[in-house]
Structures are given as structure tokens and as C-alpha cells.
Engineer: 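Okay, here's the structure, questions in a sec.
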Amino acid sequence: MKSKKVVSALNHQYVVNDPLHQLFDAVNVISVQGYDEERRVIYWNEGSEILYGYSKEEATGQKLEDLIIPELMSEIVVDAHTNWIKNDVEIPAAELTLRDKNGKDVSVFSSHVMFTNQYNNKQMYCIDIDLTDVRQAQEQAIFKEHMLETIFEAIPDLFFLMESDGTIIDYHACDKGDLYISPEKFIGKNIADFLPQEVVQKFKSHIAKAVKQEKIISFEYELNLPKGLVYFEARISHLKKYKQIMIIVRDITEQHKSAELIRHQAYFDSLTALPNRFLALDRLTQILIEAERHHEKAAVLFLDLDDFKKVNDSLGHEVGDKLLIESAHRLKQVLRKEDTVGRLGGDEFIILLRRLTDHHDALAIAENLLKIFRTPFKIDNRELILTLSIGVAVYPENGNAASDLLRNADTAMYQAKALGRNTYSFFTKEMNIVIQRRLAIEAQLRGALDRHELELYYQPQFEIRKNSIIGAEALLRWNHPTLGNIPPDEFIPIAEHSGLIVPIGQYVIEQALRFLSKWQLSDQKSYTMAVNLSPRQLRDTELLNLIKNTLADVNISFGSLELEITEGVLMNGQSYINEALIEINALGIKLSMDDFGTGYSSLSYLRQYPFDILKIDRSFINGITLNKSDCDLVKATIAMSHSLGLTVVAEGVETKEQLTLLSDLGCDFVQGYYFSKPIPAKQLLDFSAALL
Ligand SMILES: Nc1nc2c(ncn2[C@@H]2O[C@H](COP(=O)(O)O[C@H]3[C@@H](O)[C@H](n4cnc5c(=O)[nH]c(N)nc54)O[C@@H]3COP(=O)(O)O)[C@@H](O)[C@H]2O)c(=O)[nH]1
């Protein structure tokens, strides 16, 4: 504590320059302190009170080094002050870290003056400007700089600072290897000096946009570099205040490749690499727009590989896949550059032909397609023959929309199949009517059983020798309330194709056997019942169980049931067919070959499979009394069948002459309109009862 005496002595000797103190008193943003030769405080303005926390009263008389000088600096300060007083060596202005009343660091910029007062005493004045805010700002700036550096190091992007005319001022790259040309080649240079013209144009237009719209603008460009095509994304920001442009460039080649891969997977078939259905239809839409604009024709070819399923089933999917790849290759060979070939799925392909002058252009290509498939395929040292069925729809005649043309080409393809496959067919309006009816039949057939629209008719079969009924064939009838009587020739193939034949076939077997039981009881005769089986039914694992259960249920022997199958079933060659037929035979159920003479009439089938009966198709019976060749054929068939131990049934007998001739030829059984048309169950009961 200093005494009042000391204070007044100090005042007496030093405080003389009042006007100056008055000036310092008025300024409280700057700390001004006055010291005597012993470095005791003789002046302490309000700014000093604020900066260092000591009041004027507390500070006055205290020594500088005891007041605001940190301990470590104390000696230096005392020496410097002494040196100034004695040797006139000025203490230079400097940034210092001093100490406040609480011992906290205070950053100041400290300037010092020394003058001699009227008492010839030296007085030192320190003028301290608080640097706390400046220091904080500096530290913040340094921190931000470090942060930016860290970001630059961590981000693989390239940063370029340039003038708005494209002259590069500065850059930053975390890895200099990312720079495709060295910095000395671009710093101070304009982008036009080292980038391709089209890329420069892109940059310039986007820079102009960024300047005008005052927002970040991004765009993509590519460069053909020694390592290959590289894709970049550039983001442009206008630093308005500095009239400069910041460009951040990112290598997006990998991203581009992934996007390309995803795009490819979405639009191309993975097996054949051909455009898939989606892309093909999109291209078709484009082709149609173009064709309409230029008043041109275009064509859609719908291709289906014939019997491809058999290849898959018999030789395996690996061979099937190889065939599809090779087929795609061949299809491309036939086409012009501007045409498209796509894979719709499975064994279906589509070909789009643009800029046609007339139908003949499409016809020529369809013929070439069939031709190129004539050469056998060589897959795994195996020669395979594969044919095509092609349906053609032409724009604008067969439709304006892609979906219509595709549907019509598909319809025409079915027609090509119906024509015997390995051919092409152009769409006609009549086909559309057929397809509409087909669709309507399929739709209605789905509910036909539930609506009780299906009914079994029976056509009696006769033994020629005894002129008596030996059984009947069950034939299905469908009477639809609006479509009318739909012949089985029409709905059975649709049922087969849609799989509906399985429940329908089960219904037929149950109904036919129940009727047989009733009929046998009624006439007290062991009649037989012939039921037709479609190929699809033989795949039904429940078929034999159903037959066994129903036979047991109605108390009918296995031998009273005949199952009629056509050669088509056998041509399938599937092992399950063979197994089913063997089981049928083992049970004692009779097996009958239907429609003999209409298909391949392969005698080997008759030996290979356990047939009991052979039915000669009515188309031959029709001609036996009219032409010799039919008669000879039927004669030979009967003889051959007997030699194989088969019973022969002639179907479609319409006249007495035919019956007589068949009797002469040794035919066993007959059925036909001559005796009776297929009739409802009730009528057959009456018919047979009348003959008893
Ligand atoms: N899988 C199943 N197929 C069945 C079933 N019901 C019938 N069908 C098959 O449909 C085809 C056509 O049958 P449909 O119209 O009934 O014709 C049969 C007879 O009506 C007809 N026929 C008989 N006699 C004469 C005749 O003297 N003249 C003449 N013009 N037609 C005659 O022949 C058909 C006999 O058929 P099929 O013995 O089977 O060859 C036909 O292929 C049926 O098989 C069924 O339930 N399931």
C-alpha cells in the first residue's frame, strides 16, 4: 500500500502535462499509462482500468513490473527501461502479452514514448491497444486455413481459382498425380490454351451462367486422356466480391461406369446382350415417330424358336443358353445397321425394321432369317437344327402404336406356327378376329366348370361281327350362353395351352366313369368307356390317383376304361410320358392310339408303347369306298395292327358301304354317324336299351 504522501510527492514531481492527460482521459479504447524513472505509475487512464482491471487509485504508485508485466518478462522490461533512461535506447513498439489484475493474459500492441518534464525527470508513457479481438480473429483465420488445408487434403477433387475469362490463378490438388498437365503449364494460362475447344465452350457458357444466376452451376465433360476416356464433373462458384471463379473438378469416371452398367442391365438382356423388351419397345416408339414424320413404312417381326423347350428339356439349359446366344448372333448378321434386334424373353426375339418402302423389304428379311437358320448349330460338338416361326406386322397398315404392332406380329407368329413352323406369316385383320375369339374362349373357359356349362356326350362303339354295342367314347361339349356351342376342336387346344385341361380332364374322367357304372348296371353289360387324354394331363401327378379312386368308387374294373392318346403326345419324347403309359398299362387300363394316320404314323410308337387299340382316323374311313389308296392303307393298317396284337377301331363310319368294307377288311370295332352321333348320357341309355 502506498501512503498518501508518496502519491502527492509523485504528483508534485511528475504530473505536469495536464492537457495531454486530459486527452488520454477522453479516450477509453486505448490504455495509456505514465511511469516515472522508477517505473512507478504516475498516470492511469480509464482505458487502462478497463484493459488491466486495476483502478487508477490501485495502480498509481505501483511499479510497472509488479503490475502488468508477467514474471518471465520482468527483468527484460526493467533492463530495457533503464537502458532507455540511461543510454537513450528506445523501447520499440511491439505486440506483447501482458497480464491483468486477475492474472489473465492480455494481448496488446504496445508503443512507448519517453520525455523529460519541467522538473527534469523522465516520464515514460505506454500506449497499449487491446489485441484480444485481433488475435482471436487471427487465430480463427489460421484455424480456417488449417481446416481448408485438411479438407483439400482429404478431398480428391481439384480446385481451380480463375478469372471469369478462364485464366487460372491458383489451384489445389491433394495428389498432384490427378493433374493431367503440370501446374506450370496452366497457372496464368487460359483454359482455352490446354483444353479442347468443345470443353472450353462448355466451361465458358457455364461460367457465364454462374455469374448471372449467382449460384453454383455444375456440368459434366469428358477428356480423352492417355489412360483412356475420363469423365469429370465441374462445379462453378462465382466469388462475386473478388470477381473470381472457383471451379471444383471431380473425376466421375467410376460413377459413370457404374451408371453405364446399371443402364446396360436395365435395357439389355444379360444372356445375349441384345436390347431387352423395354428398350426394344422404346426404340419401336421412336421408329414409329420417325416413320410418321417421313411418311415411311416400318415393320415388327416377332420371332419364336420352334420347339426350343424341347432343347432345354432334353439337352439342358446350358445348351439352351448357348443356342440363344448363337441365334442372337445369327439374327444380327441378317439385319441392316439401322435395324434393331431385341430379346423379348425365353425363346422370343423381336426385329424392328425402319425405312421400308413396301412389304417386300420385310418379306426379304424374313426369308433371309429363315435361311440363316438352315445351317445346323454346332454346340458342344453336337449339331442341332433349329427353326424359326416369324410373325410380321407392318406400320401403318397393321397398327400405329408400338403395343398394337407387337401384338399383331405375335398373332401372325402364331399363324406361322399353325402353318407348320419354320415359316413366316404377315398379319391380317382376320387373324385379329381369331385371336379375339381365342382370348374370349380362354377367359370364359376359366369359369365354365363352375357354371356347369360343360357336358359329356357319348358316341357308341360297335363290334362289327356281333353288331352290338361294346362301349362308347366320351366327348366333351360346351354350350356357352353367348358364344353358343363351342366345338372341342376349338376349346380343347386352348384348355391344353392354358393348363385348364387338368381340372377339365379330371371332370371328364369322373363323369364318364360314373356314367359307365350307371350304364353297365342298367344294361347289365360290361361296356367300355373311351376317354381322350391331352399331353398336359399326363404331366398331372394326380391323374392316376384320380382314375384309381374313381374306378374304386364306382366299382368299375380297370379293363373297362380306355385312354385315347394321339401321336403328338408321344412325339414329346418326355420320360414322364413313358412312365405314365407304363403305369396305365400295368394297372390293366386299355391304351388306345387315336387319329392313326394323321400324324407321323410311326410304327415304332406302336411297338415302343403298350397300346391295346388302334383307331383309324375318319379321314381315311371317309375315302375307303371312294379311292383305292385309302382302302389299301386301311387294309394294311388293320393287318399290321392285328399282327401287333392290337384291336382296330374305325372312326367316322357314316355309310353302310363303309361298314361292309371294314367288315370285309377284318376291322374289329366301329363308331360313326351311321350308328349314332355323340349323344347325351340319357339318350345313350335309351339308345342302347332299345338294342338289347
Ligand atoms: N382331351 C380331350 N379331347 C376331347 C374331349 N372331347 C373331345 N375331344 C377331342 O376334340 C376333338 C373333336 O371332337 P368332336 O368334335 O367331339 O368330334 C368327335 C366326333 O364327334 C367326331 N365323329 C365321330 N363320328 C363321326 C362321323 O361319322 N362323321 C364326322 N364327321 N365326325 C364324327 O369325331 C371326333 C372323334 O374324336 P376322336 O375319336 O377323339 O378322334 C377330337 O379330337 C376329340 O378327341 C375330351 O374330353 N378331352
Side-chain angles (χ1 to χ4, degrees), residues 441 445 448-449 453-462 469 471-479 484-516 528-540 543 546-547 561-569 577 580 590-599 601 613-625 647-659 661-662 667 669-681 683-684 687:
I441 287 176
L445 196 55
L449 269 180
E453 290 166 7
L454 298 175
E455 188 188 356
L456 272 184
Y457 274 41
Y458 301 92
Q459 186 175 38
Q461 295 176 330
F462 287 76
I469 297 180
E473 180 183 359
L475 294 157
L476 196 56
R477 296 292 176 260
W478 180 17
N479 188 3
N485 280 325
I486 303 159
D489 273 338
E490 196 176 1
F491 72 80
I492 294 286
I494 295 171
E496 167 81 17
H497 191 254
S498 61
L500 288 168
I501 193 69
V502 172
I504 291 175
Q506 290 174 353
Y507 166 83
V508 169
I509 288 167
E510 277 182 347
Q511 289 295 312
L513 291 180
R514 284 187 199 289
F515 171 72
L516 178 62
T528 57
M529 181 60 69
V531 173
N532 290 281
L533 278 191
S534 288
R536 177 69 180 77
Q537 286 177 273
L538 286 167
R539 253 166 56 206
D540 174 19
L543 177 80
L546 176 100
I547 293 175
L561 174 65
E562 285 173 23
L563 295 176
E564 295 191 4
I565 60 165
T566 58
E567 282 172 289
V569 176
I577 302 260
K590 300 254 168 39
L591 206 55
S592 171
M593 177 171 276
D594 200 4
D595 299 343
F596 189 80
T598 53
S601 301
I613 301 157
L614 182 142
K615 289 185 85 175
I616 304 173
D617 190 69
R618 70 167 183 270
S619 55
F620 295 100
I621 305 304
N622 204 17
I624 49 168
T625 53
T647 304
V648 181
V649 179
E651 57 182 13
V653 179
E654 293 185 353
T655 64
K656 188 164 175 33
E657 290 74 34
Q658 288 167 349
L659 177 65
L661 186 51
L662 283 165
C667 182
F669 302 142
V670 282
Q671 71 181 87
Y673 292 176
Y674 177 70
F675 300 96
S676 167
K677 285 191 169 183
I679 47 177
Q683 272 189 43
L684 180 63
F687 180 84

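Whatever order the structure lists ligands and atoms in, that order sets their numbers, starting from 1. Each residue takes its place number in the sequence, starting with 1.
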Engineer: Can you measure from CD (Gln461) to CE (Met529) and round to the nearest 0.5 angstrom?
Structural biologist: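 One gets 9.0 Å once the value is rounded to the nearest 0.5 Å.
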
Engineer: Quick check for you: to the nearest 0.5 Å, what is the distance between Leu659 atom CG and Ile624 atom CD1?
Structural biologist: 9.0 Å

Engineer: Determine yes or no for a side-chain-to-main-chain donor-acceptor pair under 3.5 angstrom, with Gln506 supplying the side chain and Leu543 the backbone.
Structural biologist: no

Engineer: Only one of Gln683, Glu473, Arg477, Gln671 passes side-chain contact (heavy atoms from CB on, under 4.5 Å) with Pro678; say which it is.
Structural biologist: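 Output: one option passes, namely Arg477.
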
Engineer: For a quick check: using heavy atoms under 4.0 Å, what are the residues in contact with ligand 1, sorted by chain and number?
Structural biologist: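 Close residues (ligand 1, cut-off 4.0 Å): Gln459, Glu473, Leu475, Leu476, Arg477, Pro488, Asp489, Ile492, Val508, Asn532, Ser534, Glu564, Asp594, Asp595, Lys615, Arg618, Glu651, Gly652, Val653, Glu654, Gly672, Tyr673, Pro678.
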
Engineer: Would you say the side chain of Lys590 lies within less than 4.5 Å of the side chain of Ile613, judging by non-hydrogen atoms?
Structural biologist: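 The answer is yes, as the side chains (C-beta and beyond) meet within the 4.5 Å cut-off.
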
Engineer: Please round to the nearest 0.5 Å and tell me the distance separating atom OH of Tyr507 and atom CG of Leu454.
Structural biologist: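 Those atoms lie 6.0 Å apart.
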
